[in-house]
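Just so we're on the same page: letters track the sequence lines, and every chain starts at 1.
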Amino acid sequence: MPTYRAPRGTRDLLPTETPTWTRLERLAADLAARYGYRRIETPLFEQTDVFERGIGEVTDVVEKELFRLAPRTEESESWVLRPEPTAGIVRAYVQHGMRTWPQPVKVTQTGPMFRYDRPQAGRYRQFWQFDVEAIGDPGPAVDAEIIELGTRFYREAGLDGVEVLLNSIGDAACRPAYVAELTAYYEPHRVALPAIERGRLDRNVLRLLDSKDPAMAGLNANAPRMTERLCADCAEHFAAVRAHLDALGVGYRLEPGLVRGLDYYTRTAFEFYLVGREGQQQAIGGGGRYDGLVELLGGRPTPAIGFGIGLDRLILALTETAQAVPSEAGPTAVVVGADPDDTIARLRVVTQLRAAGVGSRAELGRRKLGKQLEAAARDGAHFAVILGDELADGNVGLRDLPAGTQKVVALADLAREIERAHAAHRHGGGPD
RNA sequence: GUGGCCUUAGCUCAAUGGCAGAGCAUCGGAUUGUGGCUCCGAAGGUUACGGGUUCGAGCCCCGUAGGCCACCCCA
């Protein structure tokens, strides 16, 4: 066992798996751009207050999962690694006066998030999210647009069986009364509640609604529903979101028990779920409207909505259904030589190829030709450029490895010849 | 944060309390300029770490770390 390991809950993404990541990150960036979202990058850490105030102090994310940075001096600020992207982005929106930009401000970001949680498969202390935020639009049309964007991301990533769970959790006008009603509903049953649920009754009543405890099923089924207690504005908004989704043909399932874990959410709340999958990795993305957050972080009242999609869990799901197989593209050409010691010749030729734009590598070790060719073939290279005696006449051998054919090519024509043959091969639909 | 299961070579796994092994992968060789197959060989280990029991521990016991599963929570 090695002396040093990646810290608990983190892992290395090896070159064998990064092609999948690169593909998804590109898809995320392309898709967001297609919808008019522009890239923003905020720091990996923020002042603790940004999250404590933004997310809410009585949330699990803040109470037990914040990754706190030890201060170097007494007077230094208190910092934490970001557990989610939205609060930092909103902080940036306020700080840079983006309210003077054309509204809404539509931004996207993909990067690592950190939560000090107990690790499990699909649950890491450092995990990646593709995030999209539209700030300054009250909806409801943008709510539907952003949910549709999320579903398209999964579809284009190649993941089937993603379901949208939708709910409205009201706003400052109607939620407090609902929370009071819900508390009153459960209170008479307090002593009969399982210990965990009893704790929720005091901490966050809404959480009782999505309890997995079978003992709660009966009680929860008859509990008052937020969607039936929405104020007129919220009810109208929710109905309009649904009408827009219907018009777009985006399927969804109403889930009255859906409560997001961060306090800043208002009205529209949604999660992307993997159907037919048990356990906690069912949620592969989620988001919602947060009309109060900008003001909470020092800006003017500004409506906004966004979502985050977990890339780790998406890739986990893709891998399990064998949809993540990366087509490992080897170098176009590998330069090998009959004289193992003549690394100068090989390096010169490969440098010339690269200057001409050909993706190539040279055998820089000193093994014999047979081994060099063997390695080139296993690399998945299309061509081997073989340097031998004919180099004295300015010629080299150009071997098509998959085809097993070989011809003599003038060094001066080498790059051009490779590009021509390689392009013909690809357009011919050969194996890649 | 709570409970449970697990940890032997880079990977997948063997080894009755009695000499730590195999397959794959890696590297080299098979008469000196031509690959994937085949054959031969080499290297690779403080059996996760620290204690204990025992004549003797990979194996039994305790602790720690890490992974996984169920909760919790979420992505």
Colleague: Do you see a donor-acceptor pair shorter than 3.5 Å between the side chains of Thr108(A) and Glu133(A)?
Modeller: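 Their side chains do not contain a donor-acceptor pair, so the 3.5 Å distance test is not met.
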
Colleague: Assign Asp312(A) to base, sugar-phosphate, or nothing according to its heavy-atom contacts below 4.0 angstrom with the strands shown.
Modeller: nothing

Colleague: So which heavy atom on Ala223(A) is nearest to which on Tyr186(A), and how close?
Modeller: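 That would be CB-OH, 3.8 Å.
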
Colleague: Whole Å only: how far is the CG atom of Leu208(A) from the C1' atom of C72(B)?
Modeller: 14 Å

Colleague: Is the Tyr185(A) ring parallel, tilted or perpendicular to the His189(A) ring (thresholds 30°, 60°)?
Modeller: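 Answer is tilted, since the angle falls between 30° and 60°.
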
Colleague: What do the steps show when you test Phe153(A) against Phe130(A) for ring-ring contact (aromatic ring centres under 6.0 Å, His included), and what is the final call?
Modeller: CA-CA 10 Å; Phe153(A) 177 68; Phe130(A) 162 42; 4.8 Å; yes

Colleague: Do Gln109(A) and Thr42(A) get their side chains close enough for a donor-acceptor pair, meaning under 3.5 Å?
Modeller: yes

Colleague: Please report the distance, rounded to the nearest Å, between CG in Leu311(A) and C1' in C74(B).
Modeller: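 Rounding to the nearest Å, CG of Leu311(A) and C1' of C74(B) are 15 Å apart.
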
Colleague: Are any protein N/O atoms closer than 3.5 Å to N/O atoms in nucleotides 66-68 of chain B? If there are, list each pair with its distance.
Modeller:
unit_1 : atom_1 : unit_2  : atom_2 : d
G66(B) : OP2    : Arg8(A) : NH1    : 3.4
G66(B) : O4'    : Arg5(A) : NH2    : 3.4
G67(B) : OP1    : Gly9(A) : N      : 2.9
G67(B) : OP2    : Arg8(A) : NE     : 2.9

Colleague: Nearest-Å distance, CZ (Arg313(A)) to P (C74(B))?
Modeller: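 These atoms are roughly 11 Å apart.
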
Colleague: With distance as the sole criterion, is a donor-acceptor pair present between the side chains of Arg91(A) and Gln95(A) under 3.5 Å?
Modeller: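 Yes, side-chain donor-acceptor contact under 3.5 Å.
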
Colleague: Return the value, rounded to whole Å, for the distance between atom OH of Tyr265(A) and atom C1' of C74(B).
Modeller: 11 Å

Colleague: Are more than 12 heavy atoms, taken from residues, nucleotides or ligands other than Arg229(A), located less than 6.0 Å from that residue's CZ atom?
Modeller: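 Check passes, neighbour count above 12.
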
Colleague: For nucleotides 29-36 of chain B, tabulate all protein N/O to nucleotide N/O atom pairs closer than 3.5 Å, reporting atom names and distance.
Modeller:
unit_1 : atom_1 : unit_2    : atom_2 : d
A30(B) : OP2    : Lys368(A) : NZ     : 2.5
G33(B) : O6     : Asp389(A) : N      : 2.3
G33(B) : O6     : Asp389(A) : OD1    : 3.2
G33(B) : O6     : Asp389(A) : OD2    : 2.8
G33(B) : O6     : Glu390(A) : OE1    : 3.4
G33(B) : N1     : Glu390(A) : OE1    : 2.8
G33(B) : N2     : Glu390(A) : OE2    : 3.2
U34(B) : O2     : Gln406(A) : OE1    : 3.3
U34(B) : N3     : Gln406(A) : OE1    : 3.2
U34(B) : N3     : Gln406(A) : NE2    : 3.3
U34(B) : O4     : Gln406(A) : NE2    : 3.2
G35(B) : N7     : Arg399(A) : NH2    : 3.1
G35(B) : O6     : Arg399(A) : NE     : 3.4
G35(B) : O6     : Arg399(A) : NH2    : 3.0
G35(B) : O6     : Leu401(A) : O      : 3.3
G35(B) : N1     : Leu401(A) : O      : 2.4
G35(B) : N2     : Leu401(A) : O      : 3.3
G36(B) : O6     : Leu401(A) : O      : 3.0

Colleague: According to the Watson-Crick and G-U wobble definition with distances under 3.5 Å, which dot-bracket string, read 5' to 3', encodes RNA chain B, using [ ] for crossing pairs and | for pairs with another strand?
Modeller: (((((((..((((....[..)))).(((((.......))))).....(((((..]....))))))))))))....

Colleague: Among Val250(A), Leu248(A), Ile305(A), find the one that has a side-chain contact (heavy atoms from CB on, under 4.5 Å) with Ile147(A).
Modeller: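 The residue from Val250(A), Leu248(A), Ile305(A) that satisfies side-chain contact (heavy atoms from CB on, under 4.5 Å) with Ile147(A) turns out to be Val250(A).
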
Colleague: In terms of ring plane angle, is the pair Phe67(A) and Tyr116(A) parallel, tilted or perpendicular, where the classes change at 30° and 60°?
Modeller: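 The rings of Phe67(A) and Tyr116(A) stand perpendicular, inter-plane angle above 60°.
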
Colleague: Could you tell me the separation between the CG atom of Asp117(A) and the C1' atom of U2(B), rounded to a whole number of Å?
Modeller: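 So the two atoms are 13 Å apart, to the nearest Å.
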
Colleague: Verify the distance criterion only: is there a donor paired with an acceptor across the side chains of Arg152(A) and Tyr35(A) at less than 3.5 Å?
Modeller: yes

Colleague: In whole angstrom, give the distance that lies between atom CG of Leu206(A) and atom P of C74(B).
Modeller: 11 Å

